[in-house]
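The model shown is predicted, which means the values in this text are computed figures rather than measured ones. Just the heavy atoms: all of them, side chains too, but no hydrogens, waters or symmetry mates, feed the values below.
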Amino acid sequence: MNTTTKTARLAGFFYLIVIVTGFFSLMYVPSKLIIWENPALTFQHISSAVQLFRLSIVSSIICYIAFTLLPLVLYKLLKDVDDHYAKLMVILALISIPISFINLQNKFSVLTIIEGADYLKIFGLKQLQAQIMFLLSNYNKGLLIAQIFWGLWLFPFGYLVYKSGFLPKVLGIFLMLGCFGYLINVFGRTAVPHFSDYLISGYITLPATIGEIGICFWLLLVGIRNKKVN
C-alpha cells in the first residue's frame, strides 16, 4: 500500500468517525429524547436518560475533533489537483469548528439544569422545562450557523474530487450539489416560517448525504485509482 493510498484510507477513517458520531448526536439522540411540542415530556426523557444525553455531547466532541483532522488529511491527498481550492476547502471546513464547539455550551447548560444544581431551586419546574427548550432551540440555531460552513467546504472539496482523475466524478457532483443544499436549508429555515413543514426540507440535504457517505466509503474501502490529475 503506497503513501497516497494510506492517506486516502486515513481520510476515509476520519470521515467515518464524523458520520457515525454526527448521526448519533444530531439524529439518534434527539429522536429519542426531544419532543418539541411537549417541554414536560422532553424534560422527563432527558432526566431519565442523562447518560444518553451525556454521550451525545461526547459524541459531538469526537465528531468535531475528527472534522478538524479530516480536511487536513484531504488537503494532503488533493493539493496536487488544485492547491488554491484545496486551501479553500480546509479554511471553510475549519471555520465551523469553533462555532460548533461554542454551540455545545447549550447542551452543557441543559445538563446543568437536569442535574439540579442548588442555585436553580429558585425556579419552578415549568420554568426549568422552558429553559431547557430554549437552550435546545438555541443549540439548533447554532447548528444552522455551523451548517453554512458545513455546506461551503463541500464545493471546493467536490470540485477537487471531480477534477482529481482518481476519485469518482459523480461523487464530486453530489458534493458540490450538497453545498447548495446546505445553504438552501439554512436560508430556508431562517427566512421561511415553518420551512420544516415543506416537503423539500426533508430532501434538500440529500445530495450532501449521498456525496459524503459515498466518498467516505470509497476512500476507506477503495482508496484511489491510478493517480492522475486532469
task: May I ask you to check whether over 12 heavy atoms, not counting those of L41, lie within 6.0 Å of atom CG?
output: yes
message: Nearest 0.5 angstrom please: L72 CG to F14 CZ, how far?
response: 9.0 Å
message: Does V81 form a side-chain contact (heavy atoms from CB on, under 4.5 Å) with F166? I'd like the steps, not just the answer.
response: CA-CA 10 Å; V81 178; F166 54 84; 4.1 Å; yes
- prompt: Would a hydrophobic clustering, with Ile, Leu, Val, Met, Phe, Trp and Tyr connected at side-chain separations under 4.5 Å, put I62 with I102?
  reply: no
- prompt: What heavy-atom pair brings F24 and P30 nearest, and what distance separates the two atoms?
  reply: O-CD, 4.3 Å
- prompt: Once the angle between the rings of W150 and Y182 is folded into 0 to 90°, is it parallel (under 30°), tilted (30 to 60°) or perpendicular (over 60°)?
  reply: perpendicular
query: Between P193 and A191, which heavy-atom pair has the shortest distance, and what is it?
result: CD-O, 3.6 Å
- request: Please check if atom OH in Y28 has more than 12 non-hydrogen atoms from other residues, nucleotides or ligands closer than 6.0 Å.
  value: no
message: Could you walk me through whether I113 and F123 satisfy the side-chain contact (heavy atoms from CB on, under 4.5 Å) test, starting with their C-alpha distance in whole Å, then the side-chain angles of each, then the deciding distance to 0.1 Å, before giving a yes or no?
response: CA-CA 10 Å; I113 293 174; F123 297 106; over 6 Å; no
- prompt: Looking at SG of C216 and CG of L70, how far apart are the two atoms once the value is rounded to the nearest 0.5 Å?
  reply: 9.0 Å
Check: I35 main-chain N/O paired with T42 side-chain donor or acceptor under 3.5 Å: yes
- prompt: Does I215 reach the side chain of F157, with side-chain heavy atoms less than 4.5 Å apart?
  reply: yes
message: A side-chain contact here means heavy atoms from C-beta on lying under 4.5 Å apart; do L94 and F67 qualify?
response: no
query: If you round to the nearest 0.5 Å, how far is SG of C63 from CZ of F23?
result: 13.0 Å
- prompt: How long is the gap from CD1 on I204 to OH on Y198, to the nearest 0.5 Å?
  reply: 14.0 Å
- request: Please confirm whether the backbone N or O of L92 pairs with a side-chain atom of S96, one donor and one acceptor, at under 3.5 Å?
  value: no
message: To the closest 0.5 Å, what do you measure between NE2 (H45) and CD1 (I114)?
response: 11.5 Å
query: Donor-acceptor pair, S137 side chain versus M133 backbone, under 3.5 Å?
result: no
query: Given the rule that I, L, V, M, F, W and Y join up when any side-chain heavy atoms are under 4.5 Å apart, are F149 and F187 in one cluster?
result: yes
task: Could you list the residues that satisfy ring pair (Phe, Tyr, Trp, His ring centres under 6.0 Å) with F217, not counting sequence neighbours?
output: none
- prompt: Of the non-hydrogen atoms in L219 and A11, which two are nearest, and what is the gap between them?
  reply: CD1-CB, 4.1 Å
query: Which heavy-atom pair separates S25 from V29 by the least distance, and what is that distance?
result: O-CB, 4.4 Å
query: According to a 4.5 Å side-chain heavy-atom criterion applied to Ile, Leu, Val, Met, Phe, Trp and Tyr, with indirect links allowed, do L10 and M89 form part of one hydrophobic cluster?
result: yes
task: Could you note down all residue pairs passing side chain to side chain donor-acceptor pair (under 3.5 Å) where residues 199-213 supplies at least one of them, sequence neighbours left out?
output: Y15-E212
- request: Please examine the side chains of L167 and L78, heavy atoms only from C-beta on, and report whether any two atoms are closer than 4.5 Å.
  value: yes
task: Verify, without hydrogens or angle tests, whether S56 (side chain) and F53 (backbone) share a donor-acceptor contact under 3.5 angstrom.
output: yes
- prompt: Side chains of W153 and L74: does their closest heavy-atom pair fall under 4.5 Å?
  reply: yes
task: Find out if a path of hydrophobic residues (ILVMFWY) with successive side-chain heavy-atom gaps under 4.5 Å connects F134 to L111.
output: no
task: Please list, chain by chain and in numerical order, all residues satisfying ring pair (Phe, Tyr, Trp, His ring centres under 6.0 Å) with Y139, sequence neighbours excluded.
output: none
query: Are K126 and Q129 close enough, and set up right, to give a side-chain contact (heavy atoms from CB on, under 4.5 Å), and what steps lead you there?
result: CA-CA 5 Å; K126 288 188 179 298; Q129 292 169 354; 4.2 Å; yes
- request: Sort and list the pairs that fulfil salt bridge (charged side-chain N to carboxylate O under 4.0 Å, His left out) and have at least one residue in residues 48-72, not counting sequence neighbours.
  value: R54-E115
L175 reachable from I184 in the ILVMFWY side-chain graph, under 4.5 Å edges: no
message: So, using side-chain contact (heavy atoms from CB on, under 4.5 Å) as the criterion, who are the partners of K87 when residues are at least two apart?
response: Y75, D83
- request: Name all residues meeting the side-chain hydrogen bond (donor to acceptor under 3.5 Å, both in side chains) criterion together with N106; count only those two or more places apart in sequence or in a different chain, and write none if there are none.
  value: N103
- request: Work out which heavy atom in G172 is nearest to a heavy atom in V161; give both atom names and the distance.
  value: N-CG1, 3.6 Å
task: Might you work through the side-chain contact (heavy atoms from CB on, under 4.5 Å) test for W36 and N140, ending with a clear yes or no?
output: CA-CA 12 Å; W36 291 106; N140 277 359; 3.0 Å; yes
message: I need the minimum non-hydrogen distance between L104 and S60, along with the two atoms involved.
response: CD2-CB, 3.8 Å
field: Backbone of Y162 reached by a side-chain donor or acceptor of K169 within 3.5 Å
entry: yes
query: About how many Å separate CD1 of I91 and CG of L152, when rounded to the nearest 0.5 Å?
result: 12.5 Å
